[in-house]
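First up is the structure itself, then whatever we jot down about it.
What you are looking at is a predicted structure, and each value in this text was computed from that prediction instead of being measured.
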Amino acid sequence: MTDIHNELPTLNSQQDRLARRERRLRIIMPLLAIGIVLALWEGLVIYYEVPHYLIPAPSLIAETLIKDGPSLMTSMGFTVKLTLISLLCAIIGGVALGMVFALSRPLEMAFFPFAVILQVTPIIAIAPLILIYVRDTFTALLICAWIVAFFPILSNTVIGLRSADHNLRDLFKLYGATPWQRLRYLLAPVPCPILWQRSKSLAAYH
């Protein structure tokens, strides 16, 4: 019994050392890998004399970030603003329309093909038309970004709402629940995790 008590502090200290080592490696290894990749990138660009307009060296990128930082920050602010607004509009529109489709099968069959057509049409094909007919550049870019984000939100909302347990659906019908009650208490809680994951993916994609 005494030997077991003596071994416990040793095991705990070894586990603490291993945990500290793993935490250090989680920081050191990615930094080391990034450093090696940047050094290899710099060396290959210099060795093969690659033009900077094809593949700029990391040192040139850093120099440009320092020299043109204010203008780049302004552009980044514009991009972030456009992304967040388009994503918010896509979430609002996609979730609202997805709820309508989930409550009405005929409406889904009637209008869902239009959403599919909008999704499969390459944005590069319709972007020039949007830029021609929409005079404000920000609004035109907002529409383009919204088109990219809208269909995934809509389809995931519909899939999530349709994935509610059929037994619970029958139970709600048996008790005479209204469409709003079915949506609020049965259907709406289901797609939230799916929608959250998809929204994060779309934000990264934007």
Between [X] and [Y], is there a shared hydrophobic cluster once you connect ILVMFWY residues whose side-chain heavy atoms come closer than 4.5 Å?
X	Y	answer
Val50	Ile46	no
Trp41	Tyr48	yes
Tyr47	Ile55	yes
Val45	Ile34	yes
Leu18	Leu25	no

Between [atom1] on residue [X] and [atom2] on residue [Y], distance to nearest 0.5 Å:
X	Y	atom1	atom2	value
His52	Ile61	NE2	CD1	12.0 Å
Leu97	Thr157	CG	OG1	9.0 Å
Leu88	Ile92	CG	CD1	4.0 Å
Ser104	Met109	OG	CE	8.0 Å
Ile143	Ile130	CD1	CD1	6.0 Å
Leu72	Ile66	CG	CD1	11.5 Å

Within the distance-only criterion (no hydrogens, no angle test), does the side chain of Thr121 pair as donor or acceptor with the backbone N or O of Leu118 below 3.5 angstrom?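 Not at all, since once roles are kept as given, no pair shorter than 3.5 Å links the two residues.
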So, the side chain of Ser75 versus the backbone of Ser71: is there a donor-acceptor pair under 3.5 Å, distance only?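 At least one qualifying donor-acceptor pair exists.
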So, for [X] and [Y], which heavy atoms are closest and what is the spacing to 0.1 Å?
X	Y	answer
Phe101	Leu107	CE2-O, 3.7 Å
Ala140	Val134	N-CG1, 3.8 Å
Gly94	Ile153	CA-CG2, 3.9 Å
Pro113	Glu108	CD-O, 4.0 Å
Ile123	Cys144	CD1-O, 3.8 Å

>> Can you confirm whether Leu60 sits close enough to Glu63 that some side-chain heavy atom of one is under 4.5 Å from a side-chain heavy atom of the other?
In response: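 Counting from C-beta outward, Leu60 and Glu63 do come under 4.5 Å.
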### Task
Check whether any side-chain heavy atom of Gln119 sits under 4.5 Å from a side-chain heavy atom of Ser155, and report yes or no.
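Gln119 vs Ser155: side chains apart.
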Report, as yes or no, whether the 6.0 Å neighbourhood of atom CG on Leu54 holds more than 12 heavy atoms from other residues, nucleotides or ligands.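 For Leu54, atom CG is crowded (more than 12 foreign heavy atoms under 6.0 Å).
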**Phe138-Phe78 aromatic ring centre distance below 6.0 Å** =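 Under 6.0 Å, so yes.
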Proximity of Phe112 and Phe151 rings by center, below 6.0 Å: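 Aromatic pair counts; centres sit under 6.0 Å.
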